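Structure record follows, encoded as structure tokens.
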Amino acid sequence: MKHGTLTTDNHAALWHGRFKEGPDAAAVEFETSIYVDERMAMDDIKGSKAHAKMLGETGIISKAESAKIIKGLESIQKDLESGKLKIDYSAEDIHSFIEATLTDRIGEAGKKVHTGRSRNDQIALDERLYLKRVIPEVQDKILNLVNVLAKIAEKNTDTLMPGFTHMQHAQPVTLAHHLCAWAWSLVRDNDRLSDALKRIDYSPLGSGALAGSGLPLNREMVAKELGFKGVTQNSLDSVSDRDYCIEFASCFSLIQMHLSRFCEEIVLWSTTEFGFIDLSEKWSTGSSIMPQKKNPDFAELIRGRTGKVYAQLNSLLTMMKGLPLSYDRDMQEDKEPLFNALDTVASCLTVFTYMIESAKWNKKVMAEGCEGGYLNATDVADYLVRKGMPFRTAHGVSAKAVRLAIDAGCKLEDLCIEEFKSCSDLIDEDIYDFISPRSCVEVRKTTGGPASEKVKQQIKQLKKIGGKK
Ligand code: ARG
């Protein structure tokens, strides 16, 4: 570990000058963040280039020095990308490594890159740049899944399946309707990310350690160069704000919660008892002892990893709750949970999409699930409502018919017309057509309802949002 040593080497800790003694090796190991923040190397370079450009244009450093710094940073960027330059993990953090490497490469001018800057505003900038870069990749995964669900739905607008409340048979719906329901939750997840992105679109650079700078920095110029909408308005807030980490972790928790609930259904649906779905062998695993097994481990792992994502949100909230203004080193601990939640959500979205895309749907079993569970009892009541009976009375008549059928051990539609008439005179032969599972679905034409014509409208909207044909 080099970064704490008292040397004049460019790679000594950026702050070593006032110390008589270097830190203990264990202290160096304890405080380093480079293993976590290395993933922001490109963002750090991008920010430094914009800062150096501004320093040159405002005359704080010479144009020649500014150009030299930018060239040096570009060479570091290129060499990191090609693998020619390896990260030195003895550096305290990614900022220190890049600054030290720059000075190695271009000499004295490199020592000017940190003019008017602190790592406190630099890290806040790097995080914002990083999130602006990677969140759209997560959004692409969400929209791709929306599109995949819409495509499966398109093929299943007439695939009947039982709808559940309390995990009990409720009313018939279609597979398309059910899949679209999950797709809409993902659409909201995508919107939430877009909304959170709006709030990080302000550059904190120029806030310094906490109190801005006495040098004539042009913060707006840097913000514009980096593609931000504007600059943050209070230097203390700028180096101390980690709301965005919490906000994204919260968005990730919601995405993961949706995936987890959907996975719960997939686990249930792939049981022998349900048998609605047949997962591809590519996205299933077996047992080391029970040769017959095909287990839905991927759905279970996604469901299982949800706890980890929630834990990261909790970790961030707890880390921040007692911090006075402005920067406190505790805040270095923001990145691990943020990145962990991000990585987990991104991989779960990818795997979930493969799993659902490759699954087969047992349409016959699903349709059979609509029989025999009295899912059409509401429709018997609605039939009577259409004939003028008040709904509450009709509910009672239908309940009487259900009771008759339960006692006879048959379906509602197996009751003979006399039995129906014993419940209400208003019931005629046309009841049978009215209460078939297909009719129960097709009659529900309210906006957002399961009738195939309505679901087709949803699918059209979802495909437009998903962005693919
Ligand atoms: N590594 C720190 C972080 O991630 C940034 C550096 C600020 N360090 C400091 N001692 N002021 O928050």
Side-chain angles (χ1 to χ4, degrees), residues 1-6 10-19 21-24 26-48 51 87-102 113-134 200 203-213 232 235-249 312 315-343:
M1 286 285 166
K2 195 169 5 173
H3 84 248
T5 53
L6 299 180
N10 296 332
H11 293 263
L14 295 174
W15 40 262
H16 76 277
R18 67 87 73 210
F19 287 83
E21 239 188 313
D24 195 281
V28 168
E29 196 183 326
F30 188 80
E31 64 131 3
T32 182
S33 61
I34 195 154
Y35 293 99
V36 177
D37 57 31
E38 63 171 312
R39 70 162 75 188
M40 296 184 299
M42 293 305 153
D43 310 289
D44 195 77
I45 292 172
K46 190 174 168 189
S48 291
H51 183 63
I87 289 187
D88 172 3
Y89 291 101
S90 69
E92 190 176 27
D93 51 33
I94 194 66
H95 325 300
S96 309
F97 168 71
I98 289 169
E99 186 178 326
T101 310
L102 180 69
V113 69
H114 210 53
T115 309
R117 188 174 70 171
S118 157
R119 284 180 296 167
N120 298 355
D121 57 351
Q122 191 177 357
I123 187 65
L125 175 73
D126 289 3
E127 286 186 329
R128 286 171 191 243
L129 287 174
Y130 173 77
L131 288 166
K132 277 176 60 135
R133 176 164 65 86
V134 300
I200 57 162
S203 168
L205 206 71
S207 300
L210 74 163
S213 174
T232 54
S235 62
L236 293 169
D237 179 45
S238 304
V239 296
S240 191
D241 167 26
R242 292 295 183 273
D243 292 2
Y244 51 89
C245 298
I246 295 169
E247 214 175 334
F248 281 107
Q312 310 308 339
S315 161
L316 285 162
L317 284 164
T318 311
M319 183 270 285
M320 288 302 290
K321 77 179 266 294
L323 300 189
L325 292 177
S326 59
Y327 179 83
D328 302 278
R329 191 68 182 271
D330 315 45
M331 284 151 70
Q332 176 168 298
E333 301 304 305
D334 62 350
K335 283 165 279 303
E336 222 175 325
L338 177 68
F339 296 163
N340 185 304
L342 171 85
D343 295 347

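Whatever order the structure lists ligands and atoms in, that order sets their numbers, starting from 1. Remember, it's a predicted structure, so these values are computed and weren't measured experimentally.
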Item to check | Distance flag, aromatic centroids of Phe248 and Phe339, threshold under 6.0 Å | outcome: no
Item to check | Protein heavy-atom partner closest to atom 6 (C) of ligand 1 - residue, atom, separation in Å | outcome: Arg119 CB, 3.5 Å
Next on the checklist: For Ser207 and Ser235, which I'm curious about, is there any donor-acceptor pair between the side chains at under 3.5 Å?
Outcome noted: no
Next on the checklist: Using the side chain to side chain donor-acceptor pair (under 3.5 Å) definition, which of the options Asp93, Asp126, Asp44 pairs with Arg119?
Outcome noted: Asp93
Checklist entry - Using a heavy-atom cut-off of under 4.0 Å, does the side chain or the backbone of Trp15 touch ligand 1, or both, or neither? => result neither
Checklist entry - When you look at Glu99 and Asn10, which way does the side-chain contact (heavy atoms from CB on, under 4.5 Å) test go after all the steps? => result CA-CA 8 Å; Glu99 186 178 326; Asn10 296 332; over 6 Å; no
Checklist entry - Between Lys335 and ligand 1, which residue portion shows a heavy-atom distance shorter than 4.0 Å: side chain, backbone, both, or neither? => result side chain
Checklist entry - Does an N or O from Asn120, backbone or side chain, lie closer than 3.5 Å to an N or O of ligand 1? => result yes
Checklist entry - Going by distance alone, is a donor N or O of one side chain under 3.5 Å from an acceptor N or O of the other, for Tyr244 and Arg128? => result no
Next on the checklist: Within a 6.0 Å radius of atom CD on Glu336, are there more than 12 heavy atoms belonging to other residues, nucleotides or ligands?
Outcome noted: no
Next on the checklist: Taking 4.0 angstrom as the limit and counting only heavy atoms of Ser33, give me the atoms of ligand 1 inside it, by number and element.
Outcome noted: 1 (N)
Item to check | N/O separation below 3.5 Å, Gln332 to ligand 1 | outcome: yes
Next on the checklist: Any nitrogen or oxygen of Tyr327 lying under 3.5 Å from a nitrogen or oxygen in ligand 1? Just yes or no.
Outcome noted: yes
